[in-house]
Structure formats: structure tokens, C-alpha cells
Protein chains: 2
Amino acid sequence: MREITEHDLGDIARGAAILGTGGGGDPYIGRLLASSAVRTHGSVPLVPLSEVPDDAVVLPVAMMGAPTVMVEKLPSAEQVGLAARTLAGYLGKELTHIACAEAGGVNSLIPVVAAAQLGLPLVDADGMGRAFPELQMVLPTLYGIRATPMSIADEKGNRGVLDTVDNRWAERLARSATIDMGCSAMISNYAMSGGQARESLVPGTLSLCAELGALVRAARAAHEDPVAKVVSRLGGRRLFSGKVVDVARRTVTGFARGEARLSGMDGDTGAELVLRFQNEHLVAERDGVVEASVPDLICTLERESGEAVTTEGLRYGQRVTVIAAPADPRWHTPEGIALAGPRYFGYDIDPIGVAG
Amino acid sequence: MREITEHDLGDIARGAAILGTGGGGDPYIGRLLASSAVRTHGSVPLVPLSEVPDDAVVLPVAMMGAPTVMVEKLPSAEQVGLAARTLAGYLGKELTHIACAEAGGVNSLIPVVAAAQLGLPLVDADGMGRAFPELQMVLPTLYGIRATPMSIADEKGNRGVLDTVDNRWAERLARSATIDMGCSAMISNYAMSGGQARESLVPGTLSLCAELGALVRAARAAHEDPVAKVVSRLGGRRLFSGKVVDVARRTVTGFARGEARLSGMDGDTGAELVLRFQNEHLVAERDGVVEASVPDLICTLERESGEAVTTEGLRYGQRVTVIAAPADPRWHTPEGIALAGPRYFGYDIDPIGVAG
């Protein structure tokens, strides 16, 4: 895939929502926004990470906030361009490439909107290889690239720039602004050179999203098991199949926080799985024992269709299969685990990897 | 006064605290900061408002937040320069003059610090002729000058720029950032041309502060009544003399809000005065009847010394005289009253002027 056309957007959104591990936004909304942008501005060149020149100026763009809110308060197309232009203006730099901060149903598609609007190529990569809830939880952090300067913009036209002494302050100030802006906002940060991008991003994310989306679609058409295809492609494992019997979800401090309880089906009959999330799934506990945790991916897929279910989309009665898949190996270094491991989120356990 | 030397700072701070109507910051802190800056960088040229050229680029600088906090969390000198430089950078303009957003023990002196640091002249004027608690409450608002772009900086080195669709959004986003920054922050906004400054600012504020401060000092030295001198100079009236018997003060939504009860002394024996404030005094009620209100000035002065008592400095047992003084006439226009009259602050009354 050397360019993203309207035709590709369905598969990309579908696959991105799987990698979004419950967060990263609703793929339906991501696809709507990107379709409109690509129809207006034309298809978007996709550049392999290895081909981004050293002196490129790469700017990620993303939505920040509670996905529960994003479903009702749609981002505006102008907002995407505004965030990127505001940061570029503050930096006094000419952008050359747009990138994805994370994989997710909205956050893999928003950069498509930005690239189409600004007439720039998109880098086939992202900053996590999945989605995570807080600003600093990107691999570039491990390479010393700071979360600020960052821009933030809302759909009303309000915008701002933050330039902080550390990432903790960036997260704090940006989160408050996001809450004021109605719990969802467009941001642009981690501006980096092409050299920094090649070193710190996860290569091939958009291609992987498209491939996963196509796999699910094809398996369904062939009456095969789409979940099995996803598990196999990601090198993951099936954790649990069951019916959602309870969802407790609150929008607090700008996040969708909560837990879902699943009553087992198929081979899991009689067992219970609890998923705990902060936008993204953080831990999966089977009968009180943690079976998988961040930084690895915990994804909820509809049992029949293989479509990802986001944490804001979880509801009583859904039949889902929960899978785990390995995160980029850099997330398993001590620095990666300190940044986004279970202890950061308040669970006093070592990470439980896909190997179990 | 054509320049501000270290010698002038005591009188300016003393007089500014009177015009601060209980807010605008503690004059002791304002004087400390300005003394240090003037000692390091030399005295500051003071330019009459009428002499500011049309094409000047005038930048006000101020502290934003709860004065109760400012007393313990001192602003840093670097923070002042950081706010001004950040806004100038965002605007891409070369500053020519610094100005005061409001009169107050800190907020009339912070611009002295900025001017000294940046080697720029200070305009002898301010944006209110008093202090008010919210961002948009400046006379430039009546002339269509917007509260953003604005910069905000804290003493840790965090900084940001806000560029909003209206002043309500500016106040909201800046207030949240101020709260995150510890309830006090340095801001710069209402950047304006010399022509706009001449039209919209209150002329002569720093000279008036110095004059008021000198009057109080001289009266005390001559064993005369300093309060009477202040009332006479401001064309105001004495409202009440009494002892503070109760102060209820909370730091909420980034403001010092509350009320003080005074039990009458001298000619007011047997009566009670209640002062209600949000950083600044908003209304004065004598035995349940409002005797004075915003937009006019309500000032609390120590009964003997004539020194202003800020709302965060009010405490049980103080003997104070409360005076009222007329605000700049533009505050009494319908637009001025809508911006900072009693109804804006939740009091369902017409403004009670100094005439009673």
C-alpha cells in the first residue's frame, strides 16, 4: 500500500480498532472523518518509515480525551488542521510528514484527515503499536523525545500551545484543557525529525491495520473464524469467550474508566473474566487471577464477526472473545514497563505477558 | 515621575494595594519582587499614556490566581519574563512597552519587574483603574480588544499560549491552567498597539499609586488621618469603621472567595458591615443593606495606618475603615456594568455608586 484511498479506509479502521485494545476511538467515526477528507482532498501518499528522510519534520496528530464523549461530540475536520498548523506555527517549522501517535479506530484515521487536508504524506508507523491512555505513553518517550511543545484544539476553534518542563506537566495541563473543551480535543505533539521517527516509531502500523481489517472481512465472507485469524496474525492467544454481564463505566478526570464482567461460554462456561480499563483495557482477570496485563494488548472482539468492541461500546449481552497479543518489545524493557506497566496504573503486579 | 527607581517602589506598592480593592496581590510581595529587579537591571522609564506612539507594541503582564496562594507560592522573576517572551514569540512581534493590566499590590509591580528585565519602558496606565477577578474584566474589552492570544507561565518553567474564540473560553481555559499550576500563574495578554492603549487604558495609574502611597506615609508621619487623605484624593466616601469579627474564606475554582463581618466602632457602634469578595471586594452591606458595590471601588484600610488590607490579609480583631471610591466612568456604562457589575457576580441589584 503506497497510498491510502477511500477504498482502504474500512479495513484500516477495522484493524486499527483491534490494535486500539478498547481505546483509540470508534472506527465508525474514524472512517467517516477520513472518508470525507479523502473525498475532498484526494488519496494520501503512505511512506514506509524506512524511507522518511533524516531532515523530515514529522508531526503526529491525535484525539485526546474520553472515547465515550467522542462518540457524541464529533471532531470537526477544521480542528485537525488547526492543531497541526498551531504547533507548526509555534515551532516555526515547515511540516513534511504526518504520523500516527497511536493505533485506534479514530487515532489511526485522524492523521489521514490531517495529511489529506494539509497535502502531506503520511508515515506508515505509529508511536505505540497499540493505544494507551496518557500522553507520555509513547515509544518516543523512551528515546528522550518530549511530549511538548504540543498544540491542542477543539471543534469550536479554541486552540492553545503547551510547553512544559516535563511530560507529567504536559499530561496534567493538557488533560485539564481537554476536560474544559468537553472531554475530547485534537492534539499535535512529539514533533520529530525523520531520523528520530525511524528510531522511535513502530514501523508498518497502518499496513498492519489494513491487513488485519482485510483478514477479518475475508474470514467472515468465507465463513471462517475471524478471531482465529487475528490471533494468528498478531502471534497472540485467545483468553476467554463469554457474554458481557455487567459494565461499570465512569467518565472521570477526562478518561473512560471502569470494568466489564464476562460470564464464560464455550470452553469457558462457568468461569468469569473481569476487564479493567482506562480508555484502553489494562488487565484481564479470570476468576480473580490476572491472565494478561499492559503493556501487552488485550482486545475484545465480537465473537462472531471479529469486529473490535471499544470500551465505550461494551454493553450487556454482547458475546465477545477476549484475546491478548504481544506489545512492541520495547514496551517490555524496564523503562517501557515503568511508563505503561501495571504498576503505573495502580495494579501491584509484574506484567503478565502473552505467554501467560 | 519619569522613571521608577527603587526609592519609589514602597509608595507605589502601598497606593496600588489601595486601588486593588482587596485584590491585586500583597504589596509586600510586589515590592520585594520589583526591588530585586530594579536593583539588578536599573530603574524603569515611565511613559505617560499620551506619549505612547501609535505603532507601539504594548504588552500587559500580570499574576492570575488566588491571592491567598500568592502569599506562600512566590512568583519567580524568570516567570515574568517567560510569560512576556512566550506571547511575543507567538505573536511574532517585537515588544516596545510593558503595561499594567490592573492596579494592585502585586499586579502594579509585576510589570515593573517585566520592564526592568526586558529593558523596556513602562506605560503609566492600567487596564481597569482598580483590580477585578476575571480576565475579561478590563476596559480594553469594551473596545473590542480580545483576551487572547495570551500566554501563561508558572514558576517551574511551564508555559503555554491560549488562542480562543471568545473571552469566556479564555477565562475558562486559563483558570484551569492556573489551578493546575498551583492557583497562581503569570500571564501576558491584551497585546495592543499604542493607539489602542491610549484609547482603552486608564491613564496615570502608576503615578496615582505613588501619590496615594506618599499621602498615606506623609499623613502618618504628621499624625494626621491617612484614611481621610485617601478618601479625599479619590473623591470617595467613608463607609464604615469597625473590628473584623468573622472571616470566611475559601480558595475555590482558583479564587479567594468569602466574606468578612465587621462590628462597628466610632460612629458605627452597634452596626454591622458585611464585605463579600471574590479576590476583590464586590459588595458592602451595612445591616443587610448594600451600601456600595462593583464596579465602584470598595477598599479596606487599617484604621490607624491607612495601609490597605487585602482580602487574604483580613483577620479577626483588625480595626479597619472601609471606604468606597468611584470607578473609571467607563465602568458605569451599560457595557461596563454588564462586564463587572453586581449581577455578573450573582447579586441581583443595580450598582450602588459612591453617591449612595
Evaluate the side-chain proximity of A:Arg175 to B:Asp180: yes if any heavy-atom separation is below 4.5 Å, no if none is.
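In short, these two side chains do not touch, never coming nearer than 4.5 Å.
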
To check you understand the geometry: which heavy-atom pair defines the closest contact between B:Val161 and A:Tyr90, and what is its length?
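Nearest heavy atoms, B:Val161 then A:Tyr90: CG2-CE1, 4.3 Å.
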
Ranking A:Asp163, A:Thr86, A:Leu162, A:Asp166 by heavy-atom pairs under 4.5 Å to chain B gives rank one to A:Asp163

Got a second to check how far B:Thr178's OG1 is from A:Leu173's CG, nearest 0.5 Å?
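One gets 10.0 Å once the value is rounded to the nearest 0.5 Å.
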
As an exercise, state the distance from OG of A:Ser176 to CE of B:Met181, rounded to the nearest 0.5 Å.
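Taking OG in A:Ser176 and CE in B:Met181, the distance rounds to 10.0 Å.
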
Using a heavy-atom cutoff of under 4.5 Å, enumerate the residues of residues 141-160 of chain A that contact chain B, numbered in order, or state 'none'.
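A:Lys156, A:Gly157, A:Asn158, A:Arg159, A:Gly160 fall under the 4.5 Å cut-off.
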
